[in-house]
Each structure stands twice: as C-alpha cells, then as structure tokens.
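Single-structure report; data block below.
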Amino acid sequence: DCQVLGATSQLAELLGVEHHACVADLLVSLERGTPRVLVIDTISDTYTAAGASMVSLAREECPGENPELPQSVREKAVQKVYSRLGEYRLLKRARPHLQIGLCGCVAQQEGEEILRRVPDLDFVLGPARVGELSSLLARRATGERVVATGFPSERRYDFDAISRDGLHKGMVTIIEGCNKRCTFCIVPSTRGPESCRTAAEIEREVRHLLDFGFVEIELLGQTVNHWREPAGPLESAEDFADLLGRLAVLPGLRRLRFMTSFPRDFSARMVEQFRLHSNLCDGLHLPVQSGSDAVLRRMGRAYSRQSYLEL
C-alpha cells in the first residue's frame with residue numbers, strides 16, 4: 001500500500017531472515033534522521049513503519065529448500081530482486097524524492113550491471129560495506145549513482161549504534177564470509193573471505209544486548225561453528241566451544257542459540273557445552289545437504305554420509 005509512505009520517506013524492503021535481519025538492524029541505525037521508512041518482510045508478509053533509513057536486502061527463501069543456501073545461489077533470487085526493483089519504478093515516478101538502494105549478496109554479485117539495468121536504482125551496497133551507508137547517501141545527494149562493493153580489510157561494525165528491533169532476542173554476527181568453497185556455493189564471492197570477530201568484542205556486544213533488556217542471543221555466521229579467536233597464535237586460539245562457554249555464563253542470558261553450523265566443524269567439545277550450560281537451546285541447525293557420498297564429493301563438502309550420522 002503506497003499510502004503508508006510519507007512525503008519524505010525512503011523505501012526499504014527486507015527479503016529474508018536471520019543474518020539479513022541482523023544486517024538490517026545495522027542499516028537502520030545509520031540514518032536515524034529520516035522521518036519514515038517502510039520495512040517489508042516478504043517472508044511473513046507483513047510491514048512496519050519506523051523512523052530510520054534502510055536499503056533493500058535480497059534473499060530468496062523457498063519452502064522446502066535448505067536455508068543454508070545463500071541469497072544468490074538460486075537464479076530465482078536474482079530474478080526476484082530485478083522484479084521487485086521494477087515494481088518500485090512506479091513509486092519513484094509518483095515520488096521523485098524516493099531513494100531506492102540494494103544491499104546484499106545479489107548487490108555484490110551484480111554490481112555496476114544492476115545500475116545499468118535498473119535506471120531508477122540510486123545505489124548498490126555490498127554486504128561488507130554496510131557501515132559506509134551514511135557516506136554513500138551523502139555522495140548520492142550530489143547526484144552520483146554509487147556502487148560500493150568488494151571486501152575492505154577492515155569492516156566497520158559499531159554494535160552499540162545498531163538499532164535493535166524486538167522484545168527478547170538479539171542477533172550477533174560472530175563470523176562473516178567463508179573459505180570452504182563448496183562447489184555449489186557463491187558465498188566466498190559475495191561475502192568475501194572468512195573473517196572472525198574477537199571473543200572480547202563479541203562478549204561486549206552480548207553484554208550490551210543483555211543490558212538493553214534482551215534475554216536470548218542468537219550467534220550468526222555462514223559457518224558459525226568454525227569461529228576461531230583471530231588474535232594470538234593459531235595453536236592457542238579459542239574455538240567455538242570456548243566462545244559458547246564464555247557467553248553462556250553471562251548474567252541475564254536465559255537462552256543462547258546459533259546458526260548455521262557446518263558438519264565438518266562439529267566437535268565433541270562443542271557438544272559438551274550443551275551438557276554444561278542449560279541455557280544453550282536444544283535446537284541445532286546442521287545441514288546434511290545430501291545423503292549420497294558421490295554428491296557430497298562433487299559438492300566439496302569434505303564429509304561423508306557415515307561421518308555425518310556418527311555426529
């Protein structure tokens with residue numbers, strides 16, 4: 001319904017869940033001065049209005065398909081993005097002030113091409129550049145159509161400035177990108193090489209959320225259980241089991257969960273944390289991808305059907 005957009009609004013649509021919802025919180029926080037924004041969640045088919053600015057995030061989640069598949073693995077996801085951007089042309093023609101941006105894996109993958117194909121698109125923002133939204137909008141105000149993609153060596157992540165939406169659960173990204181290079185997966189190209197946040201920084205964000213009033217924390221990452229402490233010598237680095245133990249004992253944390261896990265990084269020490277800490281939620285997302293060893297080999301998953309069953 002176009003009537004929900006005010007005269008000075010920016011249009012925002014969120015297609016997807018979990019990791020993108022966390023990125024959306026970050027984007028919302030970067031332009032608090034915008035009087036009104038429409039956030040459309042096409043998974044639950046609902047919308048809400050808020051006083052912030054955000055851009056489109058593209059993820060196509062199809063019923064019955066594995067949610068571990070990233071945004072632009074399936075061609076349908078890219079088609080849906082172009083289709084939705086085409087629909088926005090009508091809004092922009094009725095409201096010339098309206099700014100439309102695209103952020104996410106499809107944005108990273110398409111880059112300059114999507115600006116060429118969609119004349120009404122104002123800017124394109126890769127997932128590793130979301131912290132640059134404010135400066136990007138300033139450049140757009142001068143008339144420049146901006147493409148900001150690629151993977152800077154240092155990623156801006158001001159967690160204490162992130163807008164948090166919800167009553168009880170806060171999401172915390174602990175690892176971004178991936179180095180596994182499964183043959184079917186585009187994450188290394190669209191999300192960049194694996195990059196872990198330090199345990200100290202993660203703990204500070206979790207404590208910040210607990211102080212804010214959240215009682216449940218969800219840790220996020222493309223291969224969340226491959227997290228390793230980036231600081232210090234590799235042989236002495238903390239791993240994901242250590243991180244779970246470190247966070248589970250924080251006062252006020254009633255529930256701790258995480259996704260998505262990779263079977264090859266599933267360890268006995270990680271399982272032990274579930275025995276030690278009752279606030280670790282029982283549900284565990286551990287995609288098998290295929291029950292065929294031949295298919296798993298072609299996918300480059302580096303585990304077999306039997307090794308998965310033995311977990």
Side-chain angles (χ1 to χ4, degrees), residues 16-20 22 59 61 64-74 105 127-128 151 155 171-199 202 217-248 256-277 280-311:
V17 293
E18 303 303 347
H19 189 73
H20 268 171
C22 188
R59 178 184 177 102
E61 198 71 71
E65 295 192 9
N66 194 317
E68 187 189 19
L69 291 177
Q71 294 86 318
S72 48
V73 166
R74 296 184 292 270
C105 287
F151 308 102
R155 302 185 185 186
M171 292 177 288
V172 177
T173 297
I174 68 170
I175 180 173
E176 294 186 290
C178 185
N179 295 337
K180 296 194 184 320
R181 296 198 172 275
C182 301
T183 56
F184 65 91
C185 184
I186 203 168
V187 161
S189 299
T190 58
R191 290 281 178 179
E194 187 176 277
S195 175
C196 297
R197 299 173 66 195
T198 66
I202 294 167
I217 298 296
E218 183 166 22
L219 306 177
L220 301 177
Q222 271 73 35
T223 53
V224 69
N225 60 331
H226 193 251
W227 178 89
R228 298 292 186 273
E229 174 61 64
L234 183 62
E235 61 273 11
S236 62
E238 294 180 74
D239 65 8
F240 186 64
D242 297 310
L243 182 65
L244 289 178
R246 178 171 178 162
L247 298 179
L256 178 62
R257 63 177 78 243
F258 53 89
M259 69 179 303
T260 295
S261 300
F262 193 82
R264 201 168 72 204
D265 298 313
F266 197 87
S267 70
R269 292 185 66 247
M270 189 181 89
V271 175
E272 176 70 4
Q273 297 302 317
F274 284 85
R275 184 185 69 82
L276 295 173
H277 305 289
L280 273 169
C281 298
D282 293 337
L284 183 65
H285 183 220
L286 192 66
V288 63
Q289 293 293 357
S290 176
S292 165
D293 285 344
V295 173
L296 288 172
R297 283 194 297 272
R298 291 199 299 271
M299 297 173 80
R301 296 290 284 180
Y303 58 83
S304 66
R305 176 181 183 275
Q306 185 59 36
S307 65
Y308 182 92
L309 292 174
E310 289 172 357
L311 295 176

| said: Working note: Thr223 + Asn179, criterion side chain to side chain contact (heavy atoms under 4.5 Å, CB included); need CA distance, chi angles, decisive distance, verdict. | reply: CA-CA 10 Å; Thr223 53; Asn179 295 337; over 6 Å; no
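- For the atom pair Phe262 CZ and Leu286 CG, the distance stands at 9.5 Å (nearest 0.5 Å).
- Contact check for Ile202 versus Leu243: side-chain heavy atoms found under the 4.5 Å cut-off.
- Taking both residues in full, the closest heavy atoms of Phe274 and Cys281 are given as CE2-O, 3.1 Å, listed atom of the first, atom of the second, then distance.
- When side chains are defined from C-beta on, Thr260 counts as touching Pro287, because their heavy atoms get closer than 4.5 Å.
- Closest approach of Glu238 and Ala199 over heavy atoms only: OE2-CB, 4.0 Å.
- Between Leu296 and Val288, the shortest heavy-atom distance links the atoms CD2-O, 3.6 Å.
- The OH atom of Tyr308 sits 9.5 Å away from the CD atom of Gln289 when rounded to the nearest 0.5 Å.
- Within the structure, the salt bridge (charged side-chain N to carboxylate O under 4.0 Å, His left out) test picks out the following pairs touching residues 257-270 (sequence neighbours left out): Lys180-Asp265, Glu216-Arg257, Asp239-Arg269, Asp242-Arg269.
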Handout entry: Step-by-step side chain to side chain contact (heavy atoms under 4.5 Å, CB included) determination, Ser261 to Val224
Key = CA-CA 5 Å; Ser261 300; Val224 69; 4.1 Å; yes
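- Rounded to the nearest 0.5 Å, atoms SG (Cys185) and CE (Met299) are 9.0 Å apart.
- Between the side chain of Thr173 and the backbone N or O of Ile175 there is no donor-acceptor pair closer than 3.5 Å.
- With contacts defined as side-chain heavy-atom distances shorter than 4.5 Å, the pair Asp293/Arg305 qualifies.
- Residues Glu218 and Met259 are in side-chain contact: their nearest non-hydrogen atoms beyond the backbone lie under 4.5 Å apart.
- Rounding to the nearest 0.5 Å gives a distance of 11.5 Å between CG of Asn225 and NE2 of His285.
- Once rounded to the nearest 0.5 Å, the distance linking OG of Ser307 with CZ of Phe266 reads 12.0 Å.
- When every heavy atom of Val187 is checked against every heavy atom of Gly177, the shortest pair comes out as CG1-C, 4.3 Å.
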For Cys182 and Arg301, run side chain to side chain contact (heavy atoms under 4.5 Å, CB included): C-alpha distance rounded to whole Å, both residues' side-chain angles, the deciding distance at 0.1 Å, then the answer.
-> CA-CA 6 Å; Cys182 301; Arg301 296 290 284 180; 3.6 Å; yes
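- Across every non-hydrogen atom of Gln273 and Leu244, the tightest pair is CG-CB, 4.2 Å.
- Within the 4.5 Å cutoff, the side chain of Tyr303 has no heavy atoms near those of the Leu311 side chain.
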Show your working on side chain to side chain contact (heavy atoms under 4.5 Å, CB included) between Leu247 and Ile217 and close with a plain yes or no.
CA-CA 9 Å; Leu247 298 179; Ile217 298 296; 5.8 Å; no
Apply ring-ring contact (aromatic ring centres under 6.0 Å, His included) to residues Phe258 and Phe240 and explain how you reach the verdict. CA-CA 11 Å; Phe258 53 89; Phe240 186 64; 4.9 Å; yes
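- By the 4.5 Å heavy-atom criterion applied to side chains, His277 and Leu256 are not counted as neighbours.
- For the pair Thr198 and Trp227, the tightest heavy-atom approach, listed with the atom from each and the gap, is C-CZ2, 4.2 Å.
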